[in-house]
Trainee: 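Okay, handing you the structure first.
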Amino acid sequence: MLTRPCWVEIDTRALEDNVRFLAGLAAPHADLLAVVKADAYGHSLALCAPPAVRAGARWLGVTSVEEGIAARAACPEARVLVLGGAFPGQGGDVIRHRLTTVVWETAQIDELEAAANAAGAHAVPVHLEIDTGMSRQGADAEGLARVLPRFGAGSPLHLEAVMTHLFAADEADGRQTQSQLDRTDEALSQIEAAGRHAEWLNVGNSAALLAGQSGTIAALAARYKMKALMRPGLALYGLAPQYDPAFGPEVPPTLAEARRRLRPVLSWKCRVVALRSVPANAVVGYNGTFVATEPMRLALIPAGYADGLDRKLSNRFSLLVRGQRAPLVGRISMDQAVLDVTEIPAIQTGDEVVILGTQGTETISAFDHAQAAGTIPWEIFTRIGQRVPRIAI
Ligand SMILES: *Cc1c(COP(=O)(O)O)cnc(C)c1O
């Protein structure tokens with residue numbers, strides 16, 4: 001189907017290369033779980049999950065049971081971990097679609113046990129999350145004492161992994177991470193003392209992996225006869241998180257290599273749909289926030305804030321046309337925006353405009369968008385509108 005000319009291109013080969021590179025960074029210490037939540041960070045789960053698995057990720061991570069069902073459809077053989085856990089009433093879907101959920105409260109265990117018993121399922125794997133300081137989800141020491149008895153011999157559930165989330169692995173001094181690993185160690189000894197054992201220690205996002213933490217995490221796992229599993233998201237899509245400037249020029253070698261090797265997967269493009277010339281003093285867009293200082297040439301593009309182009313970029317960001325930067329003038333509308341192309345006389349209707357990505361020698365990165373919009377690349381990617389088609393290239 002032909003669509004309005006505004007689309008996202010997904011370079012699946014770049015994704016596969018990134019997965020192979022990250023698996024290499026994790027090896028031999030840790031296995032890789034590819035985080036493809038929120039429709040693969042806006043890159044399209046359907047387009048990204050199969051190449052990620054092909055490139056060697058045996059595990060996929062999603063937010064919800066709904067996303068897990070989509071991941072299962074895309075990748076029948078992969079392990080699918082639901083990071084946000086199952087909600088009441090979703091136990092049946094967890095069993096039916098062979099999903100693995102994160103659990104940390106007895107109510108979640110009740111839900112899964114009931115569904116497993118109803119289906120006659122045994123050894124249904126779960127990953128037990130420990131709150132090691134983020135205060136978001138996960139069991140504290142008391143919560144752990146409540147859930148551990150639930151994994152006895154009669155349970156239809158199988159404690160496959162212990163998991164926690166490092167929330168400051170991009171900070172140079174590493175104190176938060178060390179404190180979290182210490183608390184993980186305490187939880188693991190509490191689990192061991194309760195006579196329970198899990199095969200996997202599931203810890204570490206992109207920042208932890210790129211900062212070279214896989215060996216540390218694997219060493220902790222090995223003390224409890226466990227294997228390490230790490231969970232990169234952003235890096236799969238070709239971006240190294242921005243680290244604390246205190247890392248200085250002496251960044252860990254793993255991070256320096258990642259900056260050379262990772263390739264962005266997503267480009268966001270549209271086409272010039274109309275051109276017009278305006279005289280000096282013409283106003284542009286809602287409330288006339290831009291006034292032409294001289295006779296100007298303007299290009300209309302079919303992308304607005306409903307497509308994910310942040311309205312805060314109005315009058316303060318440029319896009320690429322014919323390899324040149326063209327400023328966004330006037331307020332970005334819901335569905336459209338206007339570029340000043342006075343300096344690009346050869347421009348024609350139908351010319352490709354790069355909103356995010358590379359054209360000629362110029363690049364606009366998700367970090368550039370994030371900085372201009374006062375947010376982070378994760379949000380830039382995930383709010384590119386659902387109506388913008390994702391196309392594999
Ligand atoms: C999103 C998420 C990740 C991946 O984080 P990145 O910073 O994108 O690598 C890992 N673990 C959990 C629990 C997450 O929610």
Side-chain angles (χ1 to χ4, degrees), residues 1-12 14-15 38-48 237-239 263-276 284-286 289-290 297-342 344 346-360 362-373 375-393:
M1 187 184 66
L2 284 174
T3 63
R4 167 175 174 260
C6 174
W7 70 98
V8 157
E9 293 177 359
I10 298 299
D11 183 345
T12 54
L15 176 70
D39 205 24
Y41 289 39
H43 289 54
S44 166
L45 173 85
L47 294 185
C48 292
Y237 309 102
L239 273 78
R263 289 198 287 136
V265 171
L266 180 146
S267 305
W268 181 9
K269 300 179 178 178
C270 65
R271 289 191 192 281
V272 172
V273 294
L275 288 162
R276 72 178 59 220
V284 181
Y286 282 110
T289 61
F290 183 86
R297 191 97 174 118
L298 303 178
L300 178 67
I301 60 166
Y305 59 78
D307 300 294
L309 186 61
D310 196 296
R311 194 166 165 278
K312 288 195 281 304
L313 270 48
S314 303
N315 294 314
R316 50 182 293 210
F317 200 73
S318 296
L319 307 182
L320 303 176
V321 200
R322 295 201 170 227
Q324 282 178 253
R325 292 191 182 253
L328 282 159
V329 289
R331 288 207 169 128
I332 292 169
S333 301
M334 185 183 288
D335 313 302
Q336 297 176 312
V338 174
L339 298 175
D340 170 9
V341 294
T342 313
I344 313 176
I347 191 166
Q348 290 184 356
T349 299
D351 279 357
E352 189 171 279
V353 177
V354 168
I355 301 172
L356 196 170
T358 296
Q359 195 182 55
E362 297 283 324
T363 295
I364 300 172
S365 74
F367 280 110
D368 296 330
H369 274 267
Q371 192 177 32
T375 183
I376 53 175
W378 291 260
E379 187 180 0
I380 296 298
F381 285 142
T382 54
R383 68 184 181 191
I384 298 176
Q386 280 301 315
R387 74 182 184 188
V388 180
R390 272 67 166 173
I391 299 159
I393 57 164

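Start at 1 with the first residue, then count along the sequence. Computed from a prediction, not measured in an experiment: that's the story for all the values here.
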Trainee: Drop me the distance from I364's CD1 to S318's OG, to the nearest 0.5 angstrom.
Mentor: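 Rounded to the nearest 0.5 Å, the CD1-OG separation comes out at 7.5 Å.
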Trainee: Looking at V353 and V321, what are the two nearest heavy atoms and their distance?
Mentor: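 Heavy-atom minimum between the residues: CG2-CG2, 4.1 Å.
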Trainee: Determine whether I380 and L356 make a side-chain contact, defined as any pair of heavy atoms from C-beta on separated by less than 4.5 Å.
Mentor: yes
Trainee: Determine whether L328 and R316 make a side-chain contact, defined as any pair of heavy atoms from C-beta on separated by less than 4.5 Å.
Mentor: no
Trainee: Side chains of I10 and L266: does their closest heavy-atom pair fall under 4.5 Å?
Mentor: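 Yes; the side chains approach each other to less than 4.5 Å.
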Trainee: Partners of R311 by side chain to side chain donor-acceptor pair (under 3.5 Å), sequence neighbours excluded?
Mentor: none
Trainee: Within a strict 4.5 Å, meaning less than it, do heavy atoms of the L298 and V284 side chains meet?
Mentor: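 They are in side-chain contact.
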Trainee: Do P5 and C270 come within less than 4.5 Å of each other through their side chains, counting heavy atoms only?
Mentor: no
Trainee: Would you please test V265 and E9 for side chain to side chain contact (heavy atoms under 4.5 Å, CB included) and show each step?
Mentor: CA-CA 8 Å; V265 171; E9 293 177 359; over 6 Å; no
Trainee: Given side chains that start at C-beta, do those of R331 and F290 come closer than 4.5 Å, heavy atoms only?
Mentor: no
Trainee: List the atom of D351, the atom of A346, and the distance in Å for their closest heavy-atom pair.
Mentor: OD2-O, 4.4 Å
Trainee: Who passes side chain to side chain donor-acceptor pair (under 3.5 Å) against T349, sequence neighbours left out?
Mentor: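 Not a single residue meets the side chain to side chain donor-acceptor pair (under 3.5 Å) criterion with T349.
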Trainee: Do the non-hydrogen side-chain atoms of H369 and L309 ever get within less than 4.5 Å of each other?
Mentor: yes
Trainee: Quick one: closest heavy-atom pair of S314 and I332, and the distance?
Mentor: OG-N, 2.9 Å
Trainee: Listed by chain and number, what are the side chain to side chain contact (heavy atoms under 4.5 Å, CB included) partners of E362, not counting sequence neighbours?
Mentor: L320, R325
Trainee: Identify the two heavy atoms, one from V388 and one from C6, that lie closest to each other, and give their separation to 0.1 Å.
Mentor: CG1-O, 3.8 Å
Trainee: Between N315 (side chain) and V329 (backbone), is there a donor-acceptor pair under 3.5 Å?
Mentor: no
Trainee: Rounded to the nearest 0.5 Å, what separation is found between the CD1 atom of I347 and the CZ atom of R322?
Mentor: 7.0 Å
Trainee: Just how far is it from atom CZ of F317 to atom CD1 of I355, taken to the nearest 0.5 Å?
Mentor: 10.0 Å
Trainee: Which residues pass the salt bridge (Lys or Arg N to Asp or Glu O under 4.0 Å) test with D335, not counting sequence neighbours?
Mentor: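 D335 satisfies salt bridge (Lys or Arg N to Asp or Glu O under 4.0 Å) with R387 once adjacent residues are dropped.
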Trainee: T358: which residues meet the side chain to side chain donor-acceptor pair (under 3.5 Å) condition with it, sequence neighbours left out?
Mentor: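 T358 satisfies side chain to side chain donor-acceptor pair (under 3.5 Å) with T363 once adjacent residues are dropped.
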Trainee: Side chain to side chain contact (heavy atoms under 4.5 Å, CB included) with T3: which residues, sequence neighbours excluded?
Mentor: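 Result, side chain to side chain contact (heavy atoms under 4.5 Å, CB included) vs T3: M1, P389.
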Trainee: When rounded to the nearest 0.5 angstrom, what distance separates CD in Q386 from CG in D39?
Mentor: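 So the CD of Q386 and the CG of D39 are separated by 5.5 Å.
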Trainee: State, to 0.1 Å, how close C48 and A40 come at their nearest heavy-atom pair, and which atoms those are.
Mentor: CB-CB, 3.9 Å
Trainee: The criterion is ring pair (Phe, Tyr, Trp, His ring centres under 6.0 Å); which residues satisfy it with Y305, sequence neighbours excluded?
Mentor: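 Partners of Y305 under the ring pair (Phe, Tyr, Trp, His ring centres under 6.0 Å) test: none.
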Trainee: Under the ring pair (Phe, Tyr, Trp, His ring centres under 6.0 Å) test, which residues partner H43, sequence neighbours left out?
Mentor: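 With sequence neighbours excluded, H43 shows a ring pair (Phe, Tyr, Trp, His ring centres under 6.0 Å) to Y237, F381, given in chain and number order.
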Trainee: Give, for atom CZ of R390 and atom CD1 of I384, the distance between the pair rounded to the nearest 0.5 Å.
Mentor: 5.5 Å
Trainee: Would you find a donor on one side and an acceptor on the other, under 3.5 Å apart, between the side chain of D11 and the backbone of A14?
Mentor: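 Yes; at least one donor-acceptor contact below 3.5 Å.
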Trainee: Near Q371 CD, under 6.0 Å, is it more than 12 heavy atoms from other residues, nucleotides or ligands?
Mentor: no
Trainee: Considering residues at least two apart in sequence or located in another chain, which fulfil the salt bridge (Lys or Arg N to Asp or Glu O under 4.0 Å) criterion with D310?
Mentor: K312, R383
Trainee: I'd like to check the side chain to side chain donor-acceptor pair (under 3.5 Å) partners of T342; sequence neighbours left out, ordered by chain and number.
Mentor: D340
Trainee: Of all heavy-atom pairs between A366 and L239, which one has the smallest distance, and what is that distance?
Mentor: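 For A366 and L239, the tightest heavy-atom pair comes out as CB-CD2, 3.9 Å.
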Trainee: Quick one: pull up CG in L300 and CG in L339 and give me the separation to the nearest 0.5 Å.
Mentor: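 Separation between the atoms: 9.0 Å.
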Trainee: Who pairs with E352 by side chain to side chain contact (heavy atoms under 4.5 Å, CB included), at least two apart in sequence or on another chain?
Mentor: W7, K269, R271, V354, Q359
Trainee: Does R276 have any salt bridge (Lys or Arg N to Asp or Glu O under 4.0 Å) partners at least two apart in sequence or in another chain, and if so, which?
Mentor: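 Per chain and number, R276 pairs via salt bridge (Lys or Arg N to Asp or Glu O under 4.0 Å) with no residue.
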